[in-house]
Number of protein chains: 2
Amino acid sequence: MSVTLADVAARAGVSAATVSRVLNGNYPVAGATRTRVLRAVEELEYVVNGPASALAAATSDLVGVLVNDVADPFFGIMASAVQSEMSPVPGGGGGAGRADGPGKLAVVCNTGGSPERELTYLTLLQRQRAAAVVLTGGTVEDAAHTGALAARLRRLEAAGTRVVLCGRPPMDAGDAGPHPLTVAFDNRGGARRLTDHLLSLGHRSLGYLAGPAARTTTRHRLEGHRAALSAAGLGGDAERLTVHGAYDRASGYDGARELLWREPSLTAILAANDTVALGVCAALRERGLRIPEDISVTGFDDLPFAVDAMPALTTVRLPLHDAGAKAGRLALGREEGPPGGVTTFRGDLMVRDSTGAPR
Amino acid sequence: MSVTLADVAARAGVSAATVSRVLNGNYPVAGATRTRVLRAVEELEYVVNGPASALAAATSDLVGVLVNDVADPFFGIMASAVQSEMSPVPGGGGGAGRADGPGKLAVVCNTGGSPERELTYLTLLQRQRAAAVVLTGGTVEDAAHTGALAARLRRLEAAGTRVVLCGRPPMDAGDAGPHPLTVAFDNRGGARRLTDHLLSLGHRSLGYLAGPAARTTTRHRLEGHRAALSAAGLGGDAERLTVHGAYDRASGYDGARELLWREPSLTAILAANDTVALGVCAALRERGLRIPEDISVTGFDDLPFAVDAMPALTTVRLPLHDAGAKAGRLALGREEGPPGGVTTFRGDLMVRDSTGAPR
DNA sequence: CTCCGGGTAGAAAGCGCTTACTGCTCCGGA
DNA sequence: TCCGGAGCAGTAAGCGCTTTCTACCCGGAG
């Protein structure tokens, strides 16, 4: 059937142990022997049996990346960045045969934002004895789920899997302070800067299209927004001018209509993210409102298409790629987190054409 | 350290074999025993050791999905669709304990469009003894690579891994006709319809912004375009009015400038895909050209943002989700391909606001 | 000339699970 | 009453690899 270590050993005239050692490069093997083995591997087109070696060595080279939605560039970009860190260091140090193997296999798993699927994948990864797991994006704020998740993560770590949180707030769930390996975004600060920008332009009647309630990302952005509003003495109406929806275009479209229905005199609408903002723009255009002359619109994340929207979206740029890469390095243990454990990336305000002074 | 089958067996007062059978549900086990085992599993929080079972059973529940770029929604959508088919059939037939386990683990691997990385991932998947592999998107047309790829795929199949091609032309590389499990897009036909649309609008001077040369997708779309042109007796200038670039926004921007430099009287520009079209629009706007009054623009794929571009993009809709889902089912062997082996999805013309009659 | 130790290679014991194959118990039919 | 065969559960032989421990070979020191 399939070529095994033993076949290679036979062909090279050595023992299986020697072949294994050549392949893993962690034990001295004489040059001539090594060459012979390598040739046999070549000739037989031998490919290691991953499960077998994972079983014997009690480790695997799988790294799981959990995302809420692979089809969303927000996650796609982070996943891609994580993955870009998985190959063995290019210029490698020692110069030994094959420094670090072909690298880890980063696999991205699509949870669809569902806590159950998240747990399911974590189990699947645990049973694969994954080397590390990166959880990206915000999470549902639900006691039951948070508990189950924390428990599962604890078990994963107990089993030697490195767990890193990326773009998700540290979970100080219960016991020992924040999770040690966390890369977070300053959603609160970004949202606050965005609202402040609108306020400084003279807006006084702002609508907010929030993401799904009970998600950390949603809450943090909303808090930043409300903080800015309160500081300007505009907190009173906040509740009424907030509409929750999903992080997608349709929610933006529907939400904008709802907001305008509640308050026709709105001069600005802040969307939960860029995708939502696109929906908002569509609804506004349909209603014959000009952006930003009649009404300003903002996004969040600064996904690649934000600059191409019409008009180009004022938004908050999140360093998605950098965060993902950092998470990847943490996952590989190639880099340590700061003393506190949490690396926070700031979101910078990108002022473009979708915001202007109110009429 | 970690809980094993034997621990569960001991706790339930049965043999390891029985526990295994309960967990896999492929052998009769008395109700009472089953319950006892399940309880023990619960109490011990037992999680199967994937590598061990993969080794023993010579199969694993990993399904690899290779994509050129996770950060690109084109691939994200397909990957997401493939993944959506991986869970065990919801309403399941037999009703046995746990029909099909927690489903397969679809893992997406980012090749970045590089043939080497593609091969590397294939090796990684082969060593994990993946149950199936789905290759998405076009591929490089290079004899050396095609050969290496075909060889590797053949070996994967020999090892029992099911290989399916999605959005990639069937590879009749050499021996036995087209690859049996293929889901393809009619890129040629879509491109032809797009060009015909422009032609029927009265355009006679069309620029084409192609993707990277030597990629199947690029070639097919270009062929469709040229075919329409030739049929209209406009083939002569085609070569000069074609510019190659990457499948990204920057290429669209640069390409549009180049095209306009070569031929200022262009009345339409066809972009290789929607993302490229966005770049084209940006360049055009910058130049003060109105779309579609001064010049028409078209995309390809109909990604979600196409409808939100300004103006909304005329493009060809590719049923990305359906194709991915189909590929997923083929990968699981849950569905058979048609007799010929290749399922082709047609691309429908979506006429929107970015095209109009020339001045 | 013997002895010792560094440098290599081999033997063999598992890693945790699956799965023939074997064995037991209990039933109905002869 | 005895026998055959369901129906379940246990035994044990690996799956292909890693790794500890042991064995060997050789050069140089005593």
Side-chain angles (χ1 to χ4, degrees), chain A residues 1-38 40-41 44-62 96-97 101 124 126-129 131 159-160, chain B residues 1-38 40-41 44-62 96-97 101 126-131 159-160:
Chain A
M1 179 79 201
S2 148
V3 182
T4 73
L5 235 211
D7 299 333
V8 176
R11 172 132 194 162
V14 299
S15 72
T18 302
V19 177
S20 169
R21 297 200 266 247
V22 168
L23 260 22
N24 294 303
N26 49 16
Y27 191 88
V29 172
T33 315
R34 162 189 306 279
T35 315
R36 205 141 31 90
V37 170
L38 256 18
V41 167
L44 262 28
E45 297 185 324
Y46 171 69
V47 174
V48 190
N49 181 320
S53 82
L55 173 58
T59 64
S60 92
D61 48 14
L62 236 54
L124 240 28
Q126 181 179 347
R127 77 195 242 174
Q128 295 299 334
R129 301 299 185 260
Chain B
M1 181 75 202
S2 147
V3 182
T4 73
L5 235 212
D7 299 333
V8 176
R11 172 131 192 161
V14 299
S15 72
T18 302
V19 177
S20 169
R21 298 201 265 244
V22 168
L23 261 24
N24 294 305
N26 50 16
Y27 193 87
V29 173
T33 315
R34 165 190 304 278
T35 315
R36 208 142 29 90
V37 170
L38 256 16
V41 167
L44 263 26
E45 295 183 327
Y46 171 68
V47 174
V48 191
N49 180 319
S53 81
L55 173 57
T59 63
S60 91
D61 47 14
L62 237 54
Q126 182 179 347
R127 79 196 243 177
Q128 295 300 332
R129 301 297 186 257

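A, B, ... follow the sequence lines: proteins, then strands. Residue 1 opens every chain. Source: prediction; values computed, not measured.
- Nearest-nucleotide positions on DNA chain D place B/A16 closer to the 5' end than the other of B/A16 and A/L55.
- Remark: B/S15 is in phosphate contact with D/dG10, judged by side-chain N or O atoms under 4.0 Å from OP1 or OP2.
- Between the CG atom of A/L23 and the C1' atom of D/dT19 there is a distance of 15 Å, rounded to whole Å.
- At least one donor-acceptor pair under 3.5 Å links the side chain of A/R36 to the backbone N or O of A/A12.
- Contact check, B/T18 against D/dG10: a side-chain N or O comes under 4.0 Å of OP1 or OP2.
- Between the CG atom of A/L5 and the P atom of C/dG10 there is a distance of 13 Å, given to the nearest Å.
- Here A/A30 lies in heavy-atom contact (under 4.0 Å) with sugar-phosphate atoms only.
- Residue-to-nucleotide contacts include a donor-acceptor pair under 3.5 Å from the side chain of A/R21 to the base of C/dG10.
- For B/Y46, whose side chain is taken as the heavy atoms from C-beta onward, the closest listed nucleotide among C/dG10, D/dA12, C/dC17 is C/dC17.
- Counting heavy atoms from C-beta on, the side chains of B/D61 and A/R127 come closer than 4.5 Å.
- Residue A/N49 places no side-chain N or O under 4.0 Å from the OP1 or OP2 atom of D/dC15.
- No hydrogens or angles were tested; on distance alone, a donor-acceptor pair under 3.5 Å links the side chain of B/Y27 to the base of D/dA9.
- The side chain of A/S53 lies closest to D/dT18 when the candidates are D/dT18, C/dT18, D/dT19.
- At the phosphate of C/dA9, OP1 or OP2 sits under 4.0 Å from a side-chain N or O atom of A/T33.
- Atom CZ of A/R129 and atom CG of A/L55 lie 9.5 Å apart (nearest 0.5 Å).
- Atom CZ in A/R127 sits roughly 16 Å away from atom P in C/dG16 (whole-Å rounding).
- B/R36 has its CZ atom 12 Å from the C1' atom of D/dC8, to the nearest Å.
- Screening A/T4, A/N24, A/V8 against A/V19 for a side-chain contact (heavy atoms from CB on, under 4.5 Å) leaves a single residue, A/V8.
- B/D7 and B/V3 get closest at one heavy-atom pair: OD2-CA, 3.4 Å.
- The A/A56 side chain lies nearest to C/dC15 when the options are C/dA12, C/dC15, C/dG16.
- Taking 4.0 angstrom as the limit, B/S20 places none of its side-chain polar atoms (N or O) nearer than this to OP1 or OP2 of C/dC17.
- Nucleotide C/dC15 holds its C1' atom 11 Å from the CZ atom of A/R129, rounded to whole Å.
- Between A/D61 atom CG and D/dT18 atom C1' the separation is 15 Å, expressed in whole Å.
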